[in-house]
Amino acid sequence: MILRIRSRDGTDRISVPDSASATVADLQRLIESHLTVPVPLQRISLDPALLLPNPSAAVPLLADPAAPLASLRLANGAFIYLAYPPDARSARPTPPKVLSAAGSFGKKMTMDDLIARQIRVTRQENALCAAASFDRDAANAFQLYVAEYLAFAVKRAGFLYGRIDAETKEVLVDFIYEPPQQGFEDVVHLMRDPDEEARVDTIAEGLGMRRVGLVFTQAVGRRASKTGEYTMSNREVVQAAQLQAEGGTPEWVTAIVKLEVGDDGTGDVHFEAFQMSEICVKLFKDGVLETEVQDADDPRLSKMRKEVVAGGKDTMKVDNDFFLVPVKISDHQGPLSVGFPIENRGSPVGMSALRSHLERMKHLTFVRRISDFHLLLKLATFLDAKSDMPTIAVCVKTQSRMPEGYQFLIESFASQG
């Protein structure tokens with residue numbers, strides 16, 4: 001039986017020779033042999049929450065060494081989650097490098113070479129974001145489109161907007177803006193529209209919100225790695241690091257939505273949240289992270305433009321999992337509704353959609369009827385984004401009556417549909 005051992009350092013495969021009679025102790029010895037983590041330092045579980053920063057004491061551990069693996073009902077390829085103290089995973093011994101002042105074999109070392117040897121890539125234990133909570137309707141509208149219309153065949157992405165609790169550092173995602181884009185199995189190209197994004201930011205500011213992260217899906221046919229499983233591909237690492245650097249928000253969150261298919265053929269949609277580590281963002285900003293990814297590159301590994309130290313050795317390639325900092329994820333009911341057609345999904349959203357929406361919601365107050373980000377974005381295409389939209393957005397935020405004339409103006413435009 002093959003088991004996949006996922007830790008904060010990546011995912012490894014271990015073959016259990018006699019799974020029918022093997023015990024938890026046998027598995028721990030295999031982990032020690034293959035992953036060089038001493039048995040006394042191992043904590044293993046079937047619960048992925050074990051890998052969160054400061055995991056709850058309630059996470060169940062496989063603590064009985066004599067327990068047979070057969071009693072755990074593990075399927076071939078099942079995940080086992082492994083936690084251990086930082087630097088507990090010892091590297092296999094390698095001969096020491098002897099360098100003269102001129103370098104090995106008389107090769108002169110430049111200042112860049114010396115500086116590169118000082119760049120250390122280590123795991124970041126704690127995220128700057130305490131948790132990420134997603135508005136249920138916004139998250140469902142995003143994943144439903146990907147599941148029903150795209151069938152997880154290509155990637156889809158969106159920008160997360162919401163609030164950050166100043167005390168708890170929790171990110172509350174209240175809506176998802178989907179920019180113009182073209183998705184493929186392994187990459188999604190964002191064809192960003194600066195004017196549209198300016199309108200989005202204006203609306204968000206009026207609502208008391210801001211851009212707080214990125215969400216993207218992973219296609220079921222994404223490219224496999226010959227060296228093992230991976231959570232995020234090299235292309236995704238580059239894109240996530242770039243947008244986190246651009247966002248400039250310490251609590252910036254990157255969410256992944258993927259379809260996991262079980263042995264019985266049924267699929268479940270899963271949300272996972274991460275932050276790109278501070279060293280990852282720094283490597284991107286400093287030009288050390290290679291941004292040009294080739295199809296022949298191993299998607300599990302991110303290439304460097306300079307040699308760095310990772311896992312105790314000099315390398316030009318780093319396992320992507322080194323850059324991921326898990327974030328706890330939950331959901332909430334936000335202040336906005338999600339019923340208006342969502343932008344940039346292929347079919348233009350016309351005035352008839354506005355008329356239908358207002359008629360369908362006529363049992364509500366007018367300000368409640370327009371409390372939908374995607375509808376507000378549509379209004380911003382024919383109202384003044386700098387004067388009208390901030391006023392309307394503030395009314396939506398406070399659920400207060402709009403100044404006279406706005407309702408008449410909006411209903412007049414809707415009647416043209």
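The analysis underlying the following values was restricted to heavy atoms, covering all of them including side chains, and did not include hydrogens, waters or symmetry mates.
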Exercise. Can you tell if the side chain of Leu289 reaches within under 4.5 Å of the side chain of Arg305, non-hydrogen atoms only?
Worked result: no

Exercise. Strictly by modelled atom types, are Glu290 and Asn234 linked by a side-chain donor-acceptor pair under 3.5 Å?
Worked result: no

For this session: Check each of Lys303, Arg235, Lys317 against Asp297 using the salt bridge (Lys or Arg N to Asp or Glu O under 4.0 Å) test, and report the only one that passes.
Result: Lys303

Problem set entry | Sidechain N-carboxylate O distance under 4.0 Å for Arg156, Glu178 | yes

Problem set entry | Side chains of Tyr161 and Asp201, donor plus acceptor under 3.5 Å | yes

Exercise. Is there a side-chain contact between Leu283 and Ile119, using heavy atoms and a 4.5 Å cut-off?
Worked result: yes

For this session: Mark yes when over 12 heavy atoms from residues, nucleotides or ligands other than Glu125 sit less than 6.0 Å from its CD; otherwise mark no.
Result: yes

For this session: Find out whether the Lys NZ or Arg CZ of Arg4 is both under 6.0 angstrom from the six-membered ring centre of Phe79 and within 45° of the ring's axis.
Result: yes

Problem set entry | Gln181 side chain to Ala157 backbone, donor-acceptor under 3.5 Å | yes

Exercise. Are Glu246 and Arg211 close enough for a salt bridge, meaning some N to O gap below 4.0 Å?
Worked result: yes

For this session: Using distance alone, with no hydrogens and no angle criterion, decide if Glu251 and Gln275 have a side-chain donor and acceptor under 3.5 Å apart.
Result: no

Exercise. Shortest non-hydrogen contact from Ala393 to Leu207?
Worked result: O-CD2, 3.5 Å

Exercise. Does Val396 offer a backbone N or O that forms a donor-acceptor pair with the side chain of Gln399 under 3.5 Å?
Worked result: yes

For this session: Carefully, step by step, assess Ile279 and Gln124 under the rule side-chain contact (heavy atoms from CB on, under 4.5 Å).
Result: CA-CA 8 Å; Ile279 186 63; Gln124 182 176 322; 5.9 Å; no

For this session: Any chance you could measure Thr36, atom OG1, to Ile31, atom CD1, to the nearest 0.5 Å?
Result: 11.5 Å

Exercise. Just how far is it from atom CD of Glu307 to atom NZ of Lys313, taken to the nearest 0.5 Å?
Worked result: 11.5 Å

Problem set entry | Side-chain (Gln218) to main-chain (Thr231) donor-acceptor, under 3.5 angstrom | yes

Exercise. Do the non-hydrogen side-chain atoms of Val257 and Phe152 ever get within less than 4.5 Å of each other?
Worked result: yes

Exercise. Looking only at side chains, do Asn320 and Ser302 share a donor and an acceptor under 3.5 Å apart?
Worked result: yes

For this session: Without swapping roles, check the side chain of Lys397 against the backbone of Gly206 for a donor-acceptor pair under 3.5 Å.
Result: no

Exercise. Got a sec: does the CZ of Phe382 have more than 12 other heavy atoms crowding it under 6.0 Å?
Worked result: yes

For this session: Look up atom CG in Asp174 and atom CG in Asp137, then write down how far apart they are to the nearest 0.5 Å.
Result: 11.0 Å

Exercise. Tell me, do Asp135 and Asp331 make a side-chain contact under 4.5 Å, heavy atoms counted?
Worked result: no

Problem set entry | Atom of Ala138, atom of Val338 and distance for their closest heavy-atom approach | N-CG2, 3.8 Å

Exercise. Can you tell me how far CG of Leu61 sits from CG of Leu46, rounded to the nearest 0.5 angstrom?
Worked result: 10.0 Å

For this session: Say whether, by atom type as modelled, one donor and one acceptor occur between the side chain of Asp47 and the main chain of Pro60 under 3.5 angstrom.
Result: no

Problem set entry | Criterion salt bridge (Lys or Arg N to Asp or Glu O under 4.0 Å) on Glu197 and Arg192, from CA distance to verdict | CA-CA 8 Å; Glu197 288 190 26; Arg192 299 171 64 178; 2.8 Å; yes

Exercise. When you check the gap from the basic side-chain N to the acidic O, do Glu170 and Arg163 get nearer than 4.0 Å?
Worked result: no

Exercise. If you look at every heavy atom in Ala219 and Glu185, which pair is closest and at what distance?
Worked result: CB-O, 3.5 Å

Seminar exercise, completed: What one should report as the nearest heavy-atom pair of Pro17 and Leu30 is CD-CD1, 4.2 Å

Seminar exercise, completed: Of Leu259, Val269, Thr217, Val215, the one forming a side-chain contact (heavy atoms from CB on, under 4.5 Å) with Gln143 is Val269

For this session: Return yes if some donor-acceptor pair links the side-chain N/O of Gln294 with the main-chain N/O of Ala296 below 3.5 Å, else return no.
Result: no

Exercise. Just by modelled atom types, is the Thr23 backbone N or O under 3.5 Å from a matching donor or acceptor in the Asp26 side chain?
Worked result: yes

Exercise. When rounded to the nearest 0.5 angstrom, what distance separates OG in Ser337 from CZ in Arg368?
Worked result: 5.5 Å

Problem set entry | Nearest-0.5 Å distance that lies between atom CG in Leu383 and atom OG1 in Thr381 | 8.0 Å

Problem set entry | salt_bridge(Asp186, Arg222) N-O dist < 4.0 Å | no

For this session: Output yes when a side-chain donor or acceptor of Thr391 lies under 3.5 Å from a complementary backbone atom of Ser387, and no otherwise.
Result: yes

Problem set entry | Over-ring placement of Arg345 relative to Tyr145, 6.0 Å and 45° cut-offs | yes

For this session: Taking the side chain as every heavy atom from C-beta outward, state whether Phe184 and Lys155 have any atom pair closer than 4.5 Å.
Result: no

For this session: May I ask you to decide if Val367's main-chain N or O and Ser371's side chain share a donor-acceptor pair within less than 3.5 Å?
Result: yes

Exercise. So, His357 side chain and Ala353 main chain: donor-acceptor pair closer than 3.5 Å or not?
Worked result: no

For this session: Under the side chain to side chain donor-acceptor pair (under 3.5 Å) rule, collect the residues that match up with Asn76, sequence neighbours excluded.
Result: none

